[in-house]
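Notes follow the structure.
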Amino acid sequence: QVQLVESGGGLVQPGGSLRLSCATSGIIFSIYVMHWYRQAPGKQRELVATITSGGGTNYADSVKGRFTISRANPKNTVYLQMNSLKSEDTAVYYCNAGRIYWGQGTQVTVSS
């Protein structure tokens, strides 16, 4: 049974930081390209960051220079470090494996 479980979301002030984690099980994590998506209220789900099995990364223009995706293969976990957060980063953040498997999402709210 494949499971992706996100954690680390919450309420943070503008300019603050959060680190999201996505713990996986039931997949051979090391071979999967991993993604973080987000969906804000009333908007379509958008791709935020990608990390390949070899560690190559790619980011949406809106988060470049502020967000960092990383992975720990021995822990079957992918991370999203989010710095300099803005109100427009408010969304539910989802972990995805291979564009096949999804987590349940974790809410990030950036507000003063």
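These numbers come from the heavy atoms of this one structure, side chains and all, not from hydrogens, waters or symmetry mates.
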Please check this pair: side chain of Gln81 against backbone of Arg19, looking for a donor-acceptor N/O pair closer than 3.5 Å.
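Judged by distance alone, no pair lies under 3.5 Å.
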Check: Gly9 main-chain N/O paired with Thr106 side-chain donor or acceptor under 3.5 Å
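Indeed, once roles are kept as given, a pair shorter than 3.5 Å links the two residues.
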Do [X] and [Y] have side-chain heavy atoms sitting under 4.5 Å apart?
{"X": "Phe29", "Y": "Met34", "result": "yes"}
{"X": "Arg38", "Y": "Ser62", "result": "yes"}
{"X": "Leu20", "Y": "Glu6", "result": "no"}
{"X": "Val33", "Y": "Thr50", "result": "yes"}

Could you give the distance from [atom1] ([X]) to [atom2] ([Y]), rounded to the nearest 0.5 Å?
{"X": "Thr57", "Y": "Arg71", "atom1": "OG1", "atom2": "CZ", "result": "11.5 Å"}
{"X": "His35", "Y": "Cys22", "atom1": "NE2", "atom2": "SG", "result": "11.5 Å"}
{"X": "Gln13", "Y": "Ser87", "atom1": "CD", "atom2": "OG", "result": "13.0 Å"}
{"X": "Asn58", "Y": "Thr52", "atom1": "CG", "atom2": "OG1", "result": "10.0 Å"}

Side chain to side chain donor-acceptor pair (under 3.5 Å) against Thr68, all qualifying residues, sequence neighbours excluded:
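Residues passing side chain to side chain donor-acceptor pair (under 3.5 Å) with Thr68: none at all.
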[X] versus [Y], closest heavy-atom pair with distance:
{"X": "Cys95", "Y": "Val78", "result": "SG-CG1, 3.8 Å"}
{"X": "Pro14", "Y": "Ser112", "result": "CD-N, 3.7 Å"}
{"X": "Thr77", "Y": "Ser21", "result": "CG2-CB, 4.4 Å"}
{"X": "Asn83", "Y": "Ser17", "result": "OD1-OG, 2.9 Å"}
{"X": "Ser53", "Y": "Ser30", "result": "CB-O, 3.2 Å"}
{"X": "Leu47", "Y": "Ala60", "result": "O-CB, 3.5 Å"}

For a side chain to side chain contact (heavy atoms under 4.5 Å, CB included) with Met82, tell me which candidate from Leu18, Val63, Val110 qualifies.
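It is Leu18, the one option of Leu18, Val63, Val110 that forms the side chain to side chain contact (heavy atoms under 4.5 Å, CB included) with Met82.
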Would you say [X] and [Y] are hydrophobically clustered, going by side-chain heavy atoms of ILVMFWY under 4.5 Å?
{"X": "Leu4", "Y": "Val108", "answer": "yes"}
{"X": "Trp36", "Y": "Ile51", "answer": "yes"}
{"X": "Ile100", "Y": "Val5", "answer": "no"}
{"X": "Val92", "Y": "Val12", "answer": "no"}

Looking at Leu11, I'd like to know if its CG atom is crowded, meaning that more than 12 non-hydrogen atoms belonging to other residues, nucleotides or ligands lie closer than 6.0 Å.
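Enclosed: over 12 neighbouring heavy atoms sit under 6.0 Å from CG of Leu11.
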May I ask you to check whether over 12 heavy atoms, not counting those of Glu88, lie within 6.0 Å of atom CD?
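Correct, the count exceeds 12.
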Under a 4.0 Å N-O cut-off, is there an ion pair linking Asp89 with Lys86?
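Salt bridge absent between Asp89 and Lys86.
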Output every pair passing ring-ring contact (aromatic ring centres under 6.0 Å, His included) with a member in residues 86-112, not counting sequence neighbours, ordered by first then second residue.
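For residues 86-112: Tyr37-Trp102.
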Take Asn73 and Tyr32, measure what side-chain contact (heavy atoms from CB on, under 4.5 Å) needs, and give me the verdict at the end.
CA-CA 10 Å; Asn73 287 346; Tyr32 273 83; over 6 Å; no
After noting the C-alpha distance and the side-chain angles of Gln107 and Thr90, does the key distance pass the side-chain contact (heavy atoms from CB on, under 4.5 Å) rule?
CA-CA 8 Å; Gln107 176 71 48; Thr90 294; 4.1 Å; yes
